[in-house]
Amino acid sequence: MKTRLCLFAVMLLTTASAWAGDAEESNKPQRTTLFSTLKGRMDIPPYRIPGITCGKDGRLIASAARLVCGTDPGFGQVDCVVKISDDNGLTWSDKEIDVAVGDASLINNVKTPMEAAYGDPAIVMDREHNEVLVMAVAGCTVYTNSTTNRQNPNMIAAIRSLDGGETWQQPVDQTEDIYGLFDSGKPMAAAFVGGGRIFQSRIVKAGDYYRIYAALAARPNGNRVIYSDDFGRTWNALGGASAMPVPNGDEPKCEELPDGRVIITSRTSGGRLLNIYTYTNTKTGAGKWEVETKATMSGLSASPSSNPTNGEMLIVPAKRLSDSKRLYVALQSVPTGTGRNDVGIFFKELADINDIRNLAAFSAGWDGFYQVSTTASAYSSIELQADDKIAFFYEETLTKWGTKPNPVSTSFPTGAGTHNFDGFENIYLALDLETITCGKYSVCHKVNRGKYLKKFFCALIDESNLTSKEKASAKAYVKKLRAEPTAEQIDAIYALLAGKERADK
């Protein structure tokens, strides 16, 4: 009898363990490979540089570069491709959609035409229209080569879709329009838009569109930021022609604080280089950058890789689950291993003035880390979905293709590419904020931005050098803020903090 009872107990324990294992397995985020290098053959190009955007009606669009030449633009043909999901990433279009296809036959040893290659796509879908914009490195000049200069630059192409990414217009050459923004100040010899997600403001709207920001990798003098109020048809330099927000920066991305200040986050060894832009006049774009600062996320169990690799920042409205306090949470993706491996997401609570008063405050005190990958992994893109999950699209599982030569012309006689036919699986995950933050926060759209900013601005006023009378006047103005303060109201508060008279007085 005892033997039977023991056997029955073992069976129960085994079944319970299996159920627990099944439950654990079912709770794991579903991994979807959208663009596969591993499944290809030697005549199938690898894929790299993932980007993801969520736009009108919650449509998700994932972008990547199809490296026909096996490596970066500048060594042969590269194409831009996308896939689409209309059910929050549960299913995706079966076939990849061509955004722009390069033509290797156009490569020459004089000046390469734009149509030769389109790589490193940076993507954004408008939240109110079916428009999608991709900015791509075009032509066939190599960013790091000394022969790539203002007279023979990396070209910049804008490719647009008017039907949510299903069909695409002919690429438009915006090279001179963008380089020309800086010619009168700090000219660029070479530049391209950092691949991944182009940021669209949640606050600033001019005419039919919310403002978009694109961050440039540029030499000399590092990163620049450009913005557009007509969804990429024309551009302006954020901070003016001489602005150098991250002089030591590499591949960058942009984000936005709850008060409308713009953050640039740039690739560097062992962390991210950051800067913040504060508007004095949001409408005209006038304002000022702080001084470049490095965030190392020190003090946590993981730290950013010593191998500089691009990631992305996302700031989401959230609720702290321990006390239901409503605030914001910043996410920053980056590898954490010894090189291009162990991609994960750092997070930081943005609860009060101590978190966002300035760049030093924002750069310090990151709260935790979530490990996404435990193997070879590199670039990543991150976005908030319509169902409040976090879309994470990243490179994993490096595939080495060996000795196949790059099909380049006599412009590049060595045929040497920087990645030698290395490519990745481009993997999509939908993650809960609770999962990323170890159960500390959930996405919450009921954050009252006005209430949040009232506390923030009143604390800034208390710290300021204003007189008692000026502080009282400034606080009286702050208390009038509604749930969704306008950019003009925020400009006025920063003017008061700077000791200037309100523009709307």
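These numbers come from the heavy atoms of this one structure, side chains and all, not from hydrogens, waters or symmetry mates.
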Solution key, residues 256-263 side-chain donor-acceptor pairs under 3.5 Å, sequence neighbours excluded:
unit_1	atom_1	unit_2	atom_2	d
Glu256	OE1	Arg202	N	2.9
Glu256	OE2	Ser201	OG	2.6
Asp259	OD1	Arg261	N	3.2
Asp259	OD1	Arg261	NE	3.2
Asp259	OD2	Arg261	NE	2.7
Asp259	OD2	Arg261	NH2	3.4
Asp259	OD2	Tyr494	OH	2.4
Arg261	NE	Tyr494	OH	3.3
Arg261	NH1	Ile356	O	3.3
Arg261	NH2	Ile356	O	2.6

Under the ring pair (Phe, Tyr, Trp, His ring centres under 6.0 Å) rule, what pairs show up with a residue in residues 239-298, not counting sequence neighbours? Tyr277-Tyr279, Tyr277-Trp289
Distance-only, no hydrogens or angles: does the Lys348 side chain make a donor-acceptor pair with backbone N or O of Ala364 under 3.5 Å? yes
Going by the rule side chain to side chain contact (heavy atoms under 4.5 Å, CB included), which residues pair with Glu484 if we only count those two or more places apart in sequence or in a different chain? Arg449
Listed by chain and number, what are the side chain to side chain contact (heavy atoms under 4.5 Å, CB included) partners of Leu300, not counting sequence neighbours? Met297, Phe346, Trp366
All salt bridge (Lys or Arg N to Asp or Glu O under 4.0 Å) counterparts of Asp367, not counting sequence neighbours: none
Within the distance-only criterion (no hydrogens, no angle test), does the side chain of Glu255 pair as donor or acceptor with the backbone N or O of Ile315 below 3.5 angstrom? yes
Is any side-chain N of the basic residue among Arg340 and Glu395 closer than 4.0 Å to the acidic one's carboxylate O? no
In short, ring pair (Phe, Tyr, Trp, His ring centres under 6.0 Å) pairs touching residues 204-234 with sequence neighbours left out are His129-Tyr209, Tyr209-Phe231
For Val246, does its backbone N or O pair with a side-chain atom of Asn275 as donor and acceptor, under 3.5 Å? no
Do any N or O atoms from the side chain of Asn154 and from the backbone of Thr141 form a donor-acceptor pair under 3.5 angstrom? yes
Looking at Tyr452, does the NZ or CZ of Arg326 lie under 6.0 angstrom from its six-membered ring centre and within 45 degrees of the ring axis? no
Steps toward side chain to side chain contact (heavy atoms under 4.5 Å, CB included) verdict (Trp235, Asp177): CA-CA 8 Å; Trp235 295 91; Asp177 295 334; 5.7 Å; no
List in chain and number order the residues that pass ring-ring contact (aromatic ring centres under 6.0 Å, His included) with Phe199, two or more places apart in sequence or in another chain; answer none if no residue qualifies. none
Which salt bridge (Lys or Arg N to Asp or Glu O under 4.0 Å) pairs, counting each pair once, include a residue from residues 279-294, with sequence neighbours left out? none
Residues at least two apart in sequence or cross-chain that pass side chain to side chain contact (heavy atoms under 4.5 Å, CB included) with Thr144, listed by chain then number, are Val142
Between the side chain of Thr148 and the main-chain N/O of Pro153, is any donor-acceptor distance below 3.5 Å? no
side-chain hydrogen bond (donor to acceptor under 3.5 Å, both in side chains): which pairs involve residues 59-70, sequence neighbours left out? Arg59-Asp86, Arg59-Glu166, Arg66-Asp79, Arg66-Glu96, Arg66-Asp98
Just by distance, do the side chain of Lys253 and the backbone of Gly195 share a donor-acceptor pair under 3.5 Å? yes
I'd like to know if the side chain of Glu312 pairs up with that of Ser333 as donor and acceptor (distance under 3.5 Å, no hydrogens or angles considered). no
Without hydrogens or angle criteria, can the side chains of Arg272 and Asn310 be said to hold a donor-acceptor pair below 3.5 Å? yes
One pair to check against side chain to side chain contact (heavy atoms under 4.5 Å, CB included): Ile178 and Leu216. What are the steps and the verdict? CA-CA 10 Å; Ile178 291 174; Leu216 300 172; 4.0 Å; yes
Closest approach of Leu496 and Ala474, non-hydrogen atoms and distance? CD1-CA, 4.1 Å
Sidechain-backbone polar pair: Ser473 side chain, Glu470 backbone, donor-acceptor under 3.5 Å: no
Taking Leu481's backbone N and O only, do any of them form a donor-acceptor pair with Lys454's side chain (distance below 3.5 Å, no angle check)? yes
Verify, without hydrogens or angle tests, whether Ser381 (side chain) and Ile52 (backbone) share a donor-acceptor contact under 3.5 angstrom. yes
Identify, with sequence neighbours excluded, every residue that meets side chain to side chain contact (heavy atoms under 4.5 Å, CB included) alongside Arg150. Glu176, Tyr179, Asp183
Write out all pairs satisfying ring pair (Phe, Tyr, Trp, His ring centres under 6.0 Å) with one or both partners inside residues 143-174, taking only residues at least two apart or from two chains. Tyr143-Phe192
Tell me whether Asp173 contacts the main-chain N or O of Ala157 through its side chain, where contact means a donor paired with an acceptor under 3.5 Å. no
Less than 4.5 Å apart, side chain to side chain, heavy atoms only: is that true for Val225 and Cys254? yes
